Amino acid sequence: MPPESTKIDKIVSLCKRRGYIFPSSEIYGGLSSSWDYGPLGVELKRNVREAWWHSTVTARQDVVGLDAAILMHPKVWEASGHISGFQDPLVDCKKCKRRFKADGPEVKDRKDCPECGGDLTDARMFNLMFSTEMGVIEGETSTVYLRPETAQGIFVNYVTVQKTARLKLPFGIAQIGKAFRNEITPGNFIFRTREFEQMELEYFVKPSDADRHFEPWVQERYNWYLKLGISPDRLRLRPHGESELAHYASACTDIEYEFPFGWSELEGIANRGDYDLLKHQESSGKDLTYFDDQEKRRYLPHVIEPSAGVDRSVLTFLADAYDEEEGDEIRVVLRLHPALAPIKVAIFPLVKKDGMPERAREIETVLRPAMAVFYDAGGAIGRRYRRQDEAGTPFCVTVDGQTTDDDTVTLRDRDSMKQERIHTKELLPVIQERISAWKRPGE
Ligand code: ATP
């Protein structure tokens, strides 16, 4: 394994080399902290979203989905407290003019600017929301905000969703979508960016039940990462202390991952009480209470909120899967869980003659309806295996001279590099079985 200090650079470089993730607008020199997902990255990201959606929505009876607009009524952000309170203290370096978060790790406990040694200005507050003008006629436009979180889209729609889907407490509304924050110090690749994606669930419960729903959600979310292959020794729960809790939250636990740059938040699970619904009820003047037909009374539900980042999860899965094996040359391999791997199986004709490409294409046709398949006829077979190791592809199938005689192929395993001969008829069920039975190497 590479030392942790160089690991993030290696991941960034692999992502670029293999078309996972690269700087945005690169032909113009890139845009600070903006990243684009290429062919493999977009599949990995879809698989992460899909795994979250499946476990949070599809596999449960008590959660439904929502896709709210990014641009919302500005009053939403007034009521939620984002206009007055969503701000970070900012300091400027008088010498190099760079900006830092006053409570960020670069500045905390230091008087000088860490980059150039210049003096820092006093801290002033800086709102993290992006604003833009809506409308086309000058003087008649209004300021709207790009949402800094997806959660508010759920709160303002909760009554409509509850009524139309005829939901009874406890129930959840889940949403995946883009969020925007004008972060003062973005960085560490896709860990902190100004445009990112969130996967959020608001789980509405009877007020007196809120405490007992909190821990199960923490465990559920923690286990989700483990089931998708994250090393248990790099994942931990960190309950917030009293002083750290937002004033409206009665409990909050972060799921933290040990990134190459240290332990950091991957997801937060909070018991938000009725804070958000109360604020929107006061501000909109609309009744947002729920009628409990057992107790024959109305009340505002309380809310448990697991809030995760798609991009931060992608980085976690990449960092955890990245491995280097010493040998004649270093083998770089992404040991992604097969459910997340962008390509499940690569198919190679050993050489481009003797009917091998045709037979390989036939096999591709059989496998493609069931899983993401990649056909590659170019270059030495060893090189093709290495490319797939870097792409995180769990299985490779090679058609060779023997295939014409007995209809067997070589099935090669990414993690063990073991190769075995297998009849083409068994290929699909065997690969499917191994995908579902996959375990982290060494487990
Ligand atoms: P941080 O302390 O890292 O700024 P936060 O506590 O402000 O995060 P939340 O508001 O709780 O984050 O957002 C929930 C999740 O959304 C985070 O756990 C993270 O996965 C993701 N997230 C938040 N901000 C960003 C960002 N700028 N870039 C990428 N992901 C983010």
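On a predicted model such as this, the values are computed, not experimentally measured, just so you know.
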Residues [X] and [Y]: side-chain donor-acceptor under 3.5 angstrom:
| X | Y | result |
| --- | --- | --- |
| His240 | Asp254 | yes |
| Asp9 | Thr6 | no |
| Ser13 | Arg17 | yes |
| Thr253 | Tyr222 | no |
| Asp406 | Gln402 | yes |
| Gln152 | His82 | no |

Counting only N and O atoms by type, is there a donor-acceptor contact under 3.5 Å from the side chain of [X] to the main-chain atoms of [Y]?
| X | Y | answer |
| --- | --- | --- |
| Asn223 | Gln219 | yes |
| Asp320 | Thr316 | no |
| Arg361 | Met356 | no |
| Arg181 | Leu128 | no |
| Asp311 | Glu197 | yes |
| Tyr375 | Ala360 | no |
| Gln419 | Thr410 | no |
| Gln175 | Ala68 | yes |
| Thr193 | Ile190 | no |
| Arg147 | Gly153 | no |

Report yes if the side chains of [X] and [Y] come closer than 4.5 Å at any heavy-atom pair, otherwise no.
| X | Y | value |
| --- | --- | --- |
| Val218 | Leu237 | yes |
| Ile8 | Leu315 | yes |
| Pro301 | Leu277 | yes |
| Leu411 | Ile431 | yes |
| Arg434 | Phe395 | yes |
| Val303 | Asp276 | no |
| Thr56 | Trp224 | no |
| Tyr20 | Ile11 | no |

So, do [X] and [Y] have ring centers that fall under 6.0 Å from each other?
| X | Y | result |
| --- | --- | --- |
| Phe317 | His337 | no |
| Phe191 | Phe261 | yes |
| Phe189 | Trp35 | yes |

Check your understanding: Which salt bridge (Lys or Arg N to Asp or Glu O under 4.0 Å) pairs, counting each pair once, include a residue from residues 369-382, with sequence neighbours left out?
Key ->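 Residue pairs with at least one partner in residues 369-382: Asp376-Arg387.
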Check your understanding: Which pairs, with at least one residue in residues 213-233 and sequence neighbours excluded, count as a salt bridge (Lys or Arg N to Asp or Glu O under 4.0 Å)?
Key ->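 Non-adjacent pairs meeting salt bridge (Lys or Arg N to Asp or Glu O under 4.0 Å): Arg221-Glu267.
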Practice item. Sort out for me which residue in Val332, Asp415, Leu334, Val333 forms a side chain to side chain contact (heavy atoms under 4.5 Å, CB included) with Asp323. Key: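 Checked Val332, Asp415, Leu334, Val333 against Asp323; only one passes side chain to side chain contact (heavy atoms under 4.5 Å, CB included): Val333.
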In plain terms, say whether [X] and [Y] are close enough for a salt bridge, that is, a side-chain N and a carboxylate O under 4.0 Å apart.
| X | Y | value |
| --- | --- | --- |
| Arg46 | Glu50 | no |
| Asp389 | Arg412 | yes |
| Arg238 | Glu244 | yes |
| Lys10 | Glu324 | yes |
| Glu183 | Arg99 | no |
| Arg192 | Glu265 | no |

[atom1]/[X] to [atom2]/[Y] distance, rounded to the nearest 0.5 angstrom?
| X | Y | atom1 | atom2 | value |
| --- | --- | --- | --- | --- |
| Ile184 | Asp88 | CD1 | CG | 4.5 Å |
| Ile173 | Thr150 | CD1 | OG1 | 12.0 Å |
| His423 | Leu427 | NE2 | CG | 10.5 Å |
| Leu340 | Asn47 | CG | CG | 6.0 Å |

Check your understanding: Pick from Asp354, Asp407, Asp405: which one makes a salt bridge (charged side-chain N to carboxylate O under 4.0 Å, His left out) with Arg359?
Key ->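 Going through the options one by one, the only one that passes is Asp407.
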Point to revise | side-chain hydrogen bond (donor to acceptor under 3.5 Å, both in side chains) between Arg421 and Thr408, worked out | key: CA-CA 6 Å; Arg421 288 224 64 100; Thr408 62; 2.8 Å; yes
Exercise for review: Find out whether the Lys NZ or Arg CZ of Lys45 is both under 6.0 angstrom from the six-membered ring centre of Tyr37 and within 45° of the ring's axis.
Suggested key: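 Yes; both conditions hold, so Lys45 lies above the ring face of Tyr37.
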Check your understanding: Tyr257 vs Phe259 aromatic rings, parallel, tilted or perpendicular, using cut-offs 30° and 60°?
Key ->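 Tyr257 and Phe259: perpendicular rings.
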Check your understanding: Does Asp413 have any salt bridge (Lys or Arg N to Asp or Glu O under 4.0 Å) partners at least two apart in sequence or in another chain, and if so, which?
Key ->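 With neighbours one apart ignored, the set is empty.
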Review point. Would Glu26 and Lys16 count as a salt bridge (Lys or Arg N to Asp or Glu O under 4.0 Å) if you check the C-alpha gap in whole Å, the side-chain angles of each, and the deciding distance to 0.1 Å?
Key: CA-CA 11 Å; Glu26 211 181 1; Lys16 172 110 200 265; 3.1 Å; yes
Practice item. Could you please spell out the steps behind the side-chain contact (heavy atoms from CB on, under 4.5 Å) verdict for Arg335 and Arg414? Key: CA-CA 8 Å; Arg335 301 187 192 280; Arg414 173 197 70 197; 4.1 Å; yes
Point to revise | Which residues share a side-chain contact (heavy atoms from CB on, under 4.5 Å) with Ser307, sequence neighbours left out | key: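 Listed in chain order: Gln198, Glu200, Glu305.
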Exercise for review: Scan residues 198-220 for pairs that pass ring pair (Phe, Tyr, Trp, His ring centres under 6.0 Å), counting only residues two or more places apart or in two chains.
Suggested key: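 Counting only pairs at least two positions apart or across chains, the ring pair (Phe, Tyr, Trp, His ring centres under 6.0 Å) contacts touching residues 198-220 are Tyr158-Phe204, Phe171-Phe204, Tyr203-His213, Tyr203-Trp217.
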Point to revise | Exceeds 12 heavy-atom contacts within 6.0 angstrom, atom CE of Met417 | key: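 Atom CE in Met417 is packed in, count exceeds 12.
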Point to revise | side chain to side chain donor-acceptor pair (under 3.5 Å) against Tyr145, all qualifying residues, sequence neighbours excluded | key: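 Counting only residues at least two positions away or on another chain, Tyr145 forms no side chain to side chain donor-acceptor pair (under 3.5 Å).
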